[in-house]
Amino acid sequence: MEKVRVRFAPSPTGYLHIGGARTALFNWLFARHVGGVLVLRIEDTDVERSTQEATQQILDSMKWLGLSWDEGPFYQSQRYDLYKRRAQELLESGAAYKCFCTKERLEAMREKAAREKKDFIYDGTCRNLTPDEVKAKESAGESYVLRFRIPAAGETVFRDAIAKDVRFENALLGDFVIMRADGHPTYNFCCVVDDADMKITHVVRAADHISNTPRQILIYQALREPIPQFAHVPLILGPDKSKLSKRHGAASVMEYAADGFLPEAVFNYLALLGWSPGNDEEILPKEQLISRFDLYGINHVNAVFDIAKLRWMNGMYLRAMPKEEAIQRVIEYMPSKGIHPAQYDAVWLAGIIALEIERAETLSELVAHLHYYFRDDFPYDEEGARKIAKKGSIADGLQMAREALSGVAEFSIEAMESAMRQYTEERNIGFGKIAQPVRLALTGGLASPGLFEVMHLLGKEKCMARIERAILFFKEKNL
RNA sequence: GCCCCCAUCGUUUAGCGGUUAGGACACCGGCCCUUCAAGCCGGCAGCAGGGGUUCGAAUCCCCUUGGGGGCACCA
């Protein structure tokens, strides 16, 4: 069997969004699974909208996700000679023709069609111009585009690897433009020319290209090139079931990086959105995905992007990786949240992070949980305070804690625990009665890692100061 | 409007003629416990509808409905 060659061909008109990333990912998995080649091609023939920054963003996003490519990136803007040559072939064989219709005229036709609620199909005004007529218009300086001549009858059928047989009536396709008046080729044309030139065997792309496929197949035929296998992957939808876009919030890959998601979790989640290994397994690292992936196992249905499940999976990855590595990821992430790790003791920093690893799903959430280590003047969770005050005075609890801790010289976890346990047992009061007020005093909230770990990491001085501050505050509030 | 694709819990999926329709996320209980989380146990919840085919349909066919995508000198 010939070597499998696939491609990912984004257009640099914006960041790499989640849908595009998944298409790239499916291509990547397929290529790796069969030992094929992945070609990266930048489709920048739209000079108006393509930008260098977008290209860079796309490359960065792919790298972040770990999607490597074997050939490229190739830029269509640098391959115009090829497109011109191929277009000339079509012109000579009669598969394409020069069309002198003005944009204005076409626009009017489009409007008319819309008004009459009809499908707009190019009416073929220039389809059968005689060579003399063409020559006359050209020498008159009229600009023209190249249109592809669609066979008037018959239908174009293809067997998609994911959908099944798809058929389109040629008559409904309409002669479409392959070369603009300014000499830039259009998508449907250079896509085919490149896929043929790059010997692409499988075109794996989003389902919104299904309706382009018959046009492209006709071009392959006119060019006398072999037709690749097509695989149209269903779209990713937002919660409202429309195609996922920025309206739905974070849609770009790099936003997920910024929001503290791990690339391996995003990778795993995306792979499972529209594909499944055929059983119930879900946490599948890259190697597993590569060996299990199968193009034909891709679902036929659009999938709704579920951020909650991504978060859960991110948490799974965070907790499953070696502690030191997770800590390292958090440290690397901190500067983006205004915390500069170099300013702190490395062991201490690792300590506070380690305690939060299983209490957070994303890096940003984890860093947010750490706030009370970096500032002293945090506000208290007032609602929570009222809640625990119902079970007993917060100020009283704090004063008891202060007393219990007064004899503890060394703020070790063991020493504090035994001092406080002993204190509460001797007086026959619930441990929570003083633990929760202390938690509130030290962290501002009612949710934190184990109290003694926190106290140990905060140090005696800060703990006592915070308890004092809270005693005053809650006395004042009568809580 | 026209063309095309699709249809199992709220979401994501397993199922490929005979199952008490399974898992995961979310949600709701419980256990654990100094709180939160994690973990464990349990619960809620689905084959869009209608016709066929068949001894037997979530599984095959048709129609309806619903959802999505596409209809550019964008990609």
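Chain identifiers are assigned alphabetically (A, B, ...) following the order of the sequence lines, protein sequences preceding nucleic acid strands; residue numbering begins at 1 within each chain.
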Taking only side-chain nitrogens and oxygens of [X], does any of them come within less than 4.0 Å of OP1 or OP2 of [N]?
| X | N | result |
| --- | --- | --- |
| A:Arg421 | B:U34 | yes |
| A:Lys387 | B:U35 | no |
| A:Thr45 | B:A75 | yes |
| A:Ser276 | B:A14 | yes |
| A:Lys243 | B:G70 | yes |
| A:Arg205 | B:G69 | no |
| A:Asn299 | B:U12 | no |

message: Would you say the ring centers of A:Phe452 and A:Phe411 fall short of 6.0 Å from each other?
response: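 Distance test on ring centres: not under 6.0 Å, no.
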
message: Can you confirm if the NZ or CZ of A:Arg110 lies within 45° of the ring axis of A:Phe120 and under 6.0 Å from the centre of its six-membered ring?
response: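 That pair qualifies as a cation-pi contact.
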
- request: Using heavy atoms to find the nearest nucleotide of RNA chain B for A:Ser448 and A:Asp44 separately, return the residue whose nucleotide is more 5′.
  value: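 The 5'-side residue here is A:Ser448.
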
Measure from the side chain of [X], starting at C-beta and using heavy atoms only, and say which of [options] lies closest.
| X | options | value |
| --- | --- | --- |
| A:Asn188 | B:A75, B:U12, B:U34 | B:A75 |
| A:Ala308 | B:C25, B:U35, B:C36 | B:C25 |
| A:Asp280 | B:A7, B:G23, B:C73 | B:G23 |

task: Would you check, one step at a time, whether the test ring pair (Phe, Tyr, Trp, His ring centres under 6.0 Å) holds for A:Phe230 with A:His202?
output: CA-CA 6 Å; A:Phe230 290 99; A:His202 300 253; over 10 Å; no

